[in-house]
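Labels below follow one simple rule: chain letters A, B, ... track the order of the sequence lines, proteins then strands, and each chain is numbered from 1.
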Amino acid sequence: MSRLAAFLIAVVLLLLYSPAYTHAEETLTTPDEIIVIDRDLDGSNVVFVGEVIGESLRADDGHRWVNVLGDSTAVGVYVPAAEAATVESFGSYKRSGDVVRVSGVVNVVCEQHAGEFDVHATSFEVVGRGEETARPPQRWKAFLGIGAALVFVIEAVVFKRFRRSIHL
Amino acid sequence: MWLRMHRTDVRVVLHYAGLFVIGIGIAMVVPLVTAVVFAEWDAALDFFLGSAIAFAIGGALRFAEVEGEPVTHTHALALTALGWLAASLVAAIPLALSPNYATYLDAAFDALSGLTTSGLTVVRDLDHMSYSHNMWRHLTHLIGGQGIVVAALSLAIGMRSGAFSLYLAEGRDERILPNVVNTARFIWYVTAVYVLIGTTALTAVNLYLGMDASRSVLHAFWISIAAYDTGGFGPQSQNALYYHSYLFETVSVFLMIAGTMNFNLHAQVWRGDRMELWRSIETRVLAINTLVLSAFVAIGLTATRFSGPLETVRKGAYHVLSAHTGTGHQTIYASQWSLDFGGGALAAIMLAMAAGGAVSSTAGGIKALRLGVIVKSLLHQVKASLAPPSAVISTRIHHLGEKFLTPELGSAAAVVFILYVITYITGGLIGGAYGYSAGEAMFESISATANVGLSTGITGPGMPVGLKLVYMAQMWAGRLEFLAVLVLVAQFVLAVGPTRNRRQ
């Protein structure tokens, strides 16, 4: 929860200090709001901040697909290849992805991409670098596992003798 | 008169359930190796611990063995129902140890969903899940798709007595080869071929899209399993939408269709009898249903944002196939079903999910053969009503050869049909009682019972605990086509109920 709270606070702060905040034609939002809630945003300019995940994927016309994660799911952003190349870290098990501020047009059913739900970026900016996620091995799992394995070995030995005693 | 299971019977069931649990422990070696290869050390410990616990529980259950006691038909049904449940609860352990599941119940939900090839998920932060946990989630599709009993039989782990009863109890209708163990091995052989083809093709697609080599292969393997086993899990939170690729969707549709076909039909075609593909009542029902429902979806979508021809094919027909084959891969967001898809198209998708794939396949739902038999029975009744009293009316169906439609065949199909419909409606009513809209609740209920996995967004980590349990029961009962679960429940009621109902 603390990670989520820190992320949300960072998003709010970034948006407050963003030049786009004062731009009248752009709506401040989040990936989740675009996807789950607000269909009035279809065709409008939005600004949102999120973490880049996975990798950038080949798209048409000199562009790449970059999936940007909100609180629960990600939205596909159609970005010029040169701007997509500025991303250094993509979110995965071992890393958090770069945080990007995307300004672009929401397409609930994109005509160019045969009905994809996407955002065509007009501006794409890395505002925070991703970093390694520490996931140290927890020893209690190893101890408990060894214990359970020992139980199985004892069971196997006893079961073998139990069977032999029946056959005698 | 009800036959109650006695202590000896219970011991037989528990002994073999223990073998299933050990089998799950052995299968955990695959994600354990994956974790070691990719240096996911904490995840590796999750699988080491999970596997060790599975061995310890399975080892304890083996003591229930009764020497020389054969596996009867009742044992087979109870064992199958209990075995699937036990396997799910054990398969959930490494998932519960990961940071992606809030509770053990959530992990058990996903393990059961994976094994029953449903694909509904309550996972959190899937985009940061380890490769090894993703491997395990998708591997549950592979184990469950072929069947836990089939897996055990193909390894021939001491289950030769009553093997055919066990095979039938898992919701399969006929053996492919004279020997049931060889039948089980054939099922794995067919699966291996399709998964290999799918993995190769999708690896090429992923490399073209720009993924690195290891992610290309892993994603390709997982999606091939999920599509061929009509499961529907995906390694990213956007499911199939993550890839934004026609090529990817085309390959996955091929795998979904292959997975929803009867293994017996695969055998016939492989033996060179390709005409069987066109003569089979199942193929015809699937083809007609898909075309009719795709047309309905196309008409329904004209009133929505998805009105262009490309959108209709890519978002309409794709989801009809995903629903009908019981796969559940999505290229739209869950919220779009209710917000953007429109009532008419949504209803057609629900019908596709409810109908399901072929018998003896990895798909769920009512099944094409039963729908064909019911329609043929209806036509038979109409013909008989119009014919002179002295006329003898006979109706034939083509399912692995010409057969006469008998009243027994018709009533058996009708019973399963009714059980599915009752479960669809009951789950929908319960979802409605939790405050969800009727359409969304019915959609989710059908998806769970027919082991599809498409979701309107009801299923998620935050859904009520009661509803999680209801959907788990629906996935379990639907996968085993009710009989095995009903037998287990009846035995439990007899065991704890008043003694006058028991036959001593």
Verify side-chain hydrogen bond (donor to acceptor under 3.5 Å, both in side chains) between B:Q236 and A:N67, making sure each step is shown before the conclusion.
CA-CA 10 Å; B:Q236 305 284 158; A:N67 292 297; over 6 Å; no
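- Options B:M129, B:E40, B:R215 differ in how many heavy-atom pairs under 4.5 Å they form with chain A, and the most are formed by B:R215.
- With a threshold of 4.5 angstrom between heavy atoms, B:A43 approaches chain A through its backbone and through its side chain.
- In this structure, CG on B:L207 lies 11.0 Å from CG on B:L202, to the nearest 0.5 angstrom.
- Among B:S51, B:A56, B:P461, the residue with the largest count of heavy-atom pairs under 4.5 Å with chain A is B:A56.
- Annotation for A:T133 and A:S96: closest pair OG1-N, 3.5 Å, computed over non-hydrogen atoms.
- Contacts between B:Y246 and chain A at a heavy-atom distance below 4.5 Å involve the side chain alone, from C-beta outward.
- When each of B:Y243, B:Y208, B:F306, B:F38 is scored by its heavy-atom pairs under 4.5 Å with chain A, the top score falls to B:Y208.
- Side-chain N or O atoms of B:S322 include one that pairs as donor or acceptor with a backbone N or O of B:H329 at under 3.5 Å.
- Under the 30°/60° scheme for interplanar angles, the aromatic rings of B:Y333 and A:F117 are found to stand perpendicular.
- Ion pairing between B:D106 and B:R124 fails under the 4.0 Å rule for side-chain N and carboxylate O.
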*Stepwise, does the side-chain hydrogen bond (donor to acceptor under 3.5 Å, both in side chains) test hold for A:D60 with A:Q112?*
CA-CA 10 Å; A:D60 54 325; A:Q112 187 183 337; 3.1 Å; yes
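- Among all heavy-atom pairs drawn from B:N134 and B:L126, the shortest one is OD1-CD1, 3.9 Å.
- Note on B:G308, B:S338, B:A60: by heavy-atom pairs under 4.5 Å with chain A, the leading option is B:A60.
- Per-residue counts of heavy-atom pairs under 4.5 Å with chain B were compared for A:I37, A:V108, A:V151; the largest is that of A:V108.
- When the candidates B:L49, B:I332, B:L310, B:I22 are compared by the number of heavy-atom contacts under 4.5 Å with chain A, B:L49 comes out ahead.
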Hey, mind stepping through B:S214 and B:D212 against side-chain hydrogen bond (donor to acceptor under 3.5 Å, both in side chains) and telling me if it holds?
CA-CA 6 Å; B:S214 59; B:D212 68 39; 3.1 Å; yes
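- Looking at B:R314, the atoms closer than 4.5 Å to chain A (heavy atoms on both sides) all sit in the side chain, from C-beta outward.
- In this structure, CZ on A:R101 lies 5.0 Å from OG on A:S123, to the nearest 0.5 angstrom.
- Per-residue counts of heavy-atom pairs under 4.5 Å with chain B were compared for A:I146, A:I35, A:D42; the largest is that of A:I35.
- Side-chain atoms of A:D38 come within 3.5 Å of backbone N or O of A:D40 as a donor-acceptor pair.
- Ring pair B:W222/B:Y131 is tilted by interplanar angle, where 30° to 60° counts as tilted.
- Residue A:I154 does not touch chain B at all, counting heavy-atom pairs closer than 4.5 Å.
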A:V100 vs A:F124, side chain to side chain contact (heavy atoms under 4.5 Å, CB included): CA-CA, chis, key distance, verdict: CA-CA 7 Å; A:V100 292; A:F124 183 87; 3.8 Å; yes
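- Within 6.0 Å of CZ on A:F143 lie no more than 12 heavy atoms contributed by other residues, nucleotides or ligands.
- In this structure, the portions of A:V158 lying under 4.5 Å from any heavy atom of chain B include both its backbone and its side chain.
- Using the six-membered ring where Trp is involved, B:W337 and B:F341 have ring planes that are perpendicular, over 60° apart on the 30 and 60° scheme.
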Which is it for B:I24 and B:V21 under the side chain to side chain contact (heavy atoms under 4.5 Å, CB included) test, yes or no, and what are the steps along the way?
CA-CA 5 Å; B:I24 293 293; B:V21 169; 5.7 Å; no
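- Electrostatic pairing of B:D42 and A:R135 does not count as a salt bridge here, judged by no charged N lying under 4.0 Å from a carboxylate O.
- Using a 4.5 Å cut-off between non-hydrogen atoms, the part of residues 92-100 of chain B that approaches chain A consists of B:L97, B:P99.
- With a threshold of 4.5 angstrom between heavy atoms, B:A39 approaches chain A through its backbone and through its side chain.
- For chain B, the nearby part of A:R64 is the side chain; its heavy atoms alone come within less than 4.5 Å.
- Contacts with chain A were tallied for B:H244, B:K315, B:Q336, B:E311; B:H244 has the most, counting heavy-atom pairs under 4.5 Å.
- For A:D118, no part lies under 4.5 angstrom from a heavy atom of chain B.
- Of all residues in residues 77-91 of chain A, those placing a non-hydrogen atom less than 4.5 angstrom from a non-hydrogen atom of chain B are A:G91.
- Residues B:V297 and B:G316 come closest through the heavy atom pair CG1-CA, 3.6 Å.
- Within the 4.5 angstrom heavy-atom criterion, only side-chain atoms of B:D340, from C-beta onward, approach chain A.
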